[in-house]
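Counting convention: from 1, in listed order, for ligands and their atoms alike. Hydrogens, waters and symmetry mates play no part in the numbers below; they use all other heavy atoms, side chains included.
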Amino acid sequence: MALLQLKDIGKIYVSEGNVAVGIRGVNLSFEQGEFVAVTGKSGSGKSTLLNVISGMDTYEEGELYIEGESTSHYLQPDWEVYREKYISFIFQDYNIIESFTVLQNVELALMHIEDRAARRARAKELLERVGMTSHLSHKGSRLSGGQKQRTVIARALAKDSPIILADEPTGNLDSVTSHEIIQLLREVSKDKLVIVVTHNFDSVKDAATRHIRIFDGAVESDKIVRRAELPCHKNTDTCAQKYSKGRKKDTKNGAALGWAIFAAKPKLSIFLCALMLVGILGVFLVTALCGEMTSPLRGRGMFSPIPGRVVITTQSGRPLTDEELQGLRDTHGATSYLHYDMLLDHGTVGGQVEIPEHLRENPYDRYKTLGLELTYNEDYGDRIVGRYPTAPNEVLLRLPISHRPLFGKDTLQIQSIQLTNMGIDYQIVGISYFYDNNQPFKCLLTAEGFRVVSAQFAVSNYMKSQFITASVLPGEGATEPKEIGFDGFCVSFELPPDRIALDSSSKYRNAIQKAAEATGSYTVRGLMRWNAIRYNYYYVADEESVKLTWEFGNDIICEDATYAIQASNHVYMGSELYCDVIETTLAASYRQASLFFEDDSAAHRAADALTAEGYVAVPADTVGQLDGEDVILGVLQAVLLGVVWLIAIVFLAFFLNLCSIRALEAFRGDMAIMRSMGIPVRVIRIGMYVRMLLSLIPGFLCMAAVAVVIFTSPRFNPYFVFLYPWQYALIVVGILLLSLRITHNQIRKLFHPSVKKALKGGVTQ
Ligand code: ADP
Ligand code: MG
């Protein structure tokens, strides 16, 4: 079986209406070990013959057999594989990859050698044989014609393919060099089929085993000039079988190729990286500037979904009692309960701090108001400034990093905060800063402090009117029942927790004293007990003070009244007493409570059990609802977000495309050369993908760096929306997919035209 057989091959060129015969009726058969010289006049069809044999151009008539296999049904990809398996081509105009070094050019053809060191050694060995040892690291563009030709011969030999085709390899060389090169070709290719086209038979006379003359596209003569030294076949593998045995490392070779083409054109690569960087940063900044990617349609829950929380009430509307809740806690294994839990579902409370003069940006900025979520059992680790609260009037604020300049980095610059409008200071004992500026501002209290604020909150939100309009219910023996009302109760942390102080005008002093004397004790019934005290509405700082202390138990014992507090219309109490009073009042009307369990699943189980017992029990995480306004706002936000994202994506696609067009132009020629060398398509493909990925890396790194800077800097943090890891992942994956898609198109364009056309279009001659 002949290695290569041409049967009645014909090739016709049709261009601009003219038909030219390339070759016609060619019948030739070649064996391994032959060194064939093809001669003929210019335009006789020698190059056409080689192009057809190499699969770089198609043929219209006849049939070409390779190791007995017919090729007439081959499509472009089949020809790529054909070249890869069988062909090394030496061009008259070299087709060296100009941006690669001499060594790289040769190594490119040595992909079948897996070990890098062995590959390098082999390349050096081949380059030594063509006399290029002194130019190993010169770029292709800096070589003379003879040097280029030697390099591509070394490259052709490196590939170790069974067929070497050379189209006037010595056409551009002087006669001495020509002779050397032909000898070299002969020496190193004794077991191969070599077909050399030349217009000068003398230059190959010494090496040739066969001489074919072409005239006017047809074979004019075909003579054996010397016996071919046929290689002794030790094994019976065909070339194709040998080839498929050696093929494994496409991915690795592709990656190496990607890096090589990336590094070979540093200016272009830097340009690409810069463009990518602009694109990636653009997307990132647009995303971080223009809003949350967290679902804007997420329902605002009716109940704050604190992990493990169950909200409970009675079916009849009967208020729950503390004893009952304690019982439920114990029987259902709850970790704790909160009877008056209105603050949990209130959202935020307005906290106000007074800004010390030296920290004010504007001399008139006395206060700063913060919307705070109050909590009482959270742990922020030990990365806090100051400490955790331990007393009921102590708080730890959890604020975004943007507040650090005002509140302090290592020491607290602001000492107190007011959480309600009752004029009560809470001491800030610690601050914890966070970077995620989507998170709510928080105020962490002790459990007792949380109880106090809840009571304050109840007074100002639920019970105020009740206090003002409360009518007098005289205690037993009270002589002067009068209508009175309260404006509010304040807690004073300076008083002993179980003590009370109130201010009043002298107008009522006597009445109070009288009442105290007359009764000695009052029966307490809810808040109404306070109604026994005449209480004024006026500011009485100039009045003489009277001391009055109430002890609180089952009865009130009036001993001594203190009109010590300047502010009018307020009753000041120690925190315990305060909570007792408010909660006692609330107890009659507040119907809800919260039980806390280990986690949400425990909460769900307990809720079922409680429901079975006849309570209304709801795990807080199951209840979410959207009202109309929320839905409209949410949809608007989502649409806006979509538009912003779309713009970002179009912007990015534009940039990536720009890069890819630029890159395509720069690589078209090199890719064509690689194809003509028969480098596996998969390797080139992977190389292109890797090159694209490499150009993305600086962009991604820069994005990470910018993200760290803007989110950790108090100065920039507030202007951007903090992005979560999954959002970064989304950006990265999106950009990767987009680039892979663009590279895919680019590759398709590269492989579409035949090698001959691609070579013509891309390589500067
Ligand atoms: P040689 O290599 O022997 O000088 P070629 O094989 O290049 O000759 O050309 C053979 C014939 O085919 C010539 O008549 C040439 O004009 C024609 N030919 C070669 N390539 C093309 C082409 N791409 N388009 C049209 N005609 C072509
Ligand atoms: Mg030619």
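Comment: K46 does not engage D167 in a salt bridge, judged by the lack of any side-chain N to carboxylate O separation of less than 4.0 angstrom. Comment: D160 engages K192 in a salt bridge, judged by a side-chain N to carboxylate O separation of less than 4.0 angstrom.
Using a 4.0 Å heavy-atom cutoff, L50 is absent from the residues neighbouring ligand 1. At least one heavy atom of G45 sits less than 4.0 Å from an atom of ligand 1. Residue contacts with ligand 1 include K41, since one of its heavy atoms falls under 4.0 Å from the ligand.
Residues forming a salt bridge (charged side-chain N to carboxylate O under 4.0 Å, His left out) with R691 (at least two apart in sequence, or on another chain): none.
Judged as a salt bridge (Lys or Arg N to Asp or Glu O under 4.0 Å), the pairs with a partner in residues 258-279 (not counting sequence neighbours) are, in order, K265-D670. Within the structure, ring-ring contact (aromatic ring centres under 6.0 Å, His included) contacts touching residues 190-223 (residues at least two apart or in different chains) are F201-H211.
Taking only non-hydrogen atoms, the option from G217, S44, G43 nearest to atom 13 (C) of ligand 1 is G43.
Distance check for atom 21 (C) of ligand 1: a protein heavy atom is found below 4.0 Å. Protein heavy atoms come within 4.0 Å of atom 5 (P) of ligand 1.
Ring geometry for Y82 versus Y86: interplanar angle of 30 to 60°, hence tilted.
No side-chain donor-acceptor contact under 3.5 Å links E80 to the backbone of R675. With S29 contributing its side chain and Q5 its backbone, the two residues share no donor-acceptor pair below 3.5 Å.
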Mind running side chain to side chain contact (heavy atoms under 4.5 Å, CB included) on I97 and Q104 for me, showing each step along the way? CA-CA 9 Å; I97 295 180; Q104 278 178 315; over 6 Å; no
Go through T71 and W79 one step at a time and tell me if the side chain to side chain contact (heavy atoms under 4.5 Å, CB included) criterion holds. CA-CA 9 Å; T71 60; W79 285 116; 3.7 Å; yes
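Residue, atom and distance of the protein heavy atom nearest to atom 16 (O) of ligand 1 are A20 CB, 4.9 Å. In terms of protein heavy-atom proximity, atom 25 (C) of ligand 1 is nearest to Y13 CB, 3.2 Å. Protein heavy atom nearest atom 9 (O) of ligand 1, with residue, atom name and distance: T48 OG1, 3.7 Å. Among all protein heavy atoms, the one lying closest to atom 2 (O) of ligand 1 is S47 OG, 2.7 Å.
Each of the atoms 11 (C), 12 (O) of ligand 1 lies under 4.0 Å from some heavy atom of V21.
Tested against L185, the residues V130, V196, T170 include a single side-chain contact (heavy atoms from CB on, under 4.5 Å) partner, V196.
Take a cut-off of 2.8 Å around the Mg ion (ligand 2): the protein N, O or S atoms inside it are S47 OG.
Contacts of V197 with ligand 1, taken as heavy-atom pairs under 4.0 Å, are absent altogether.
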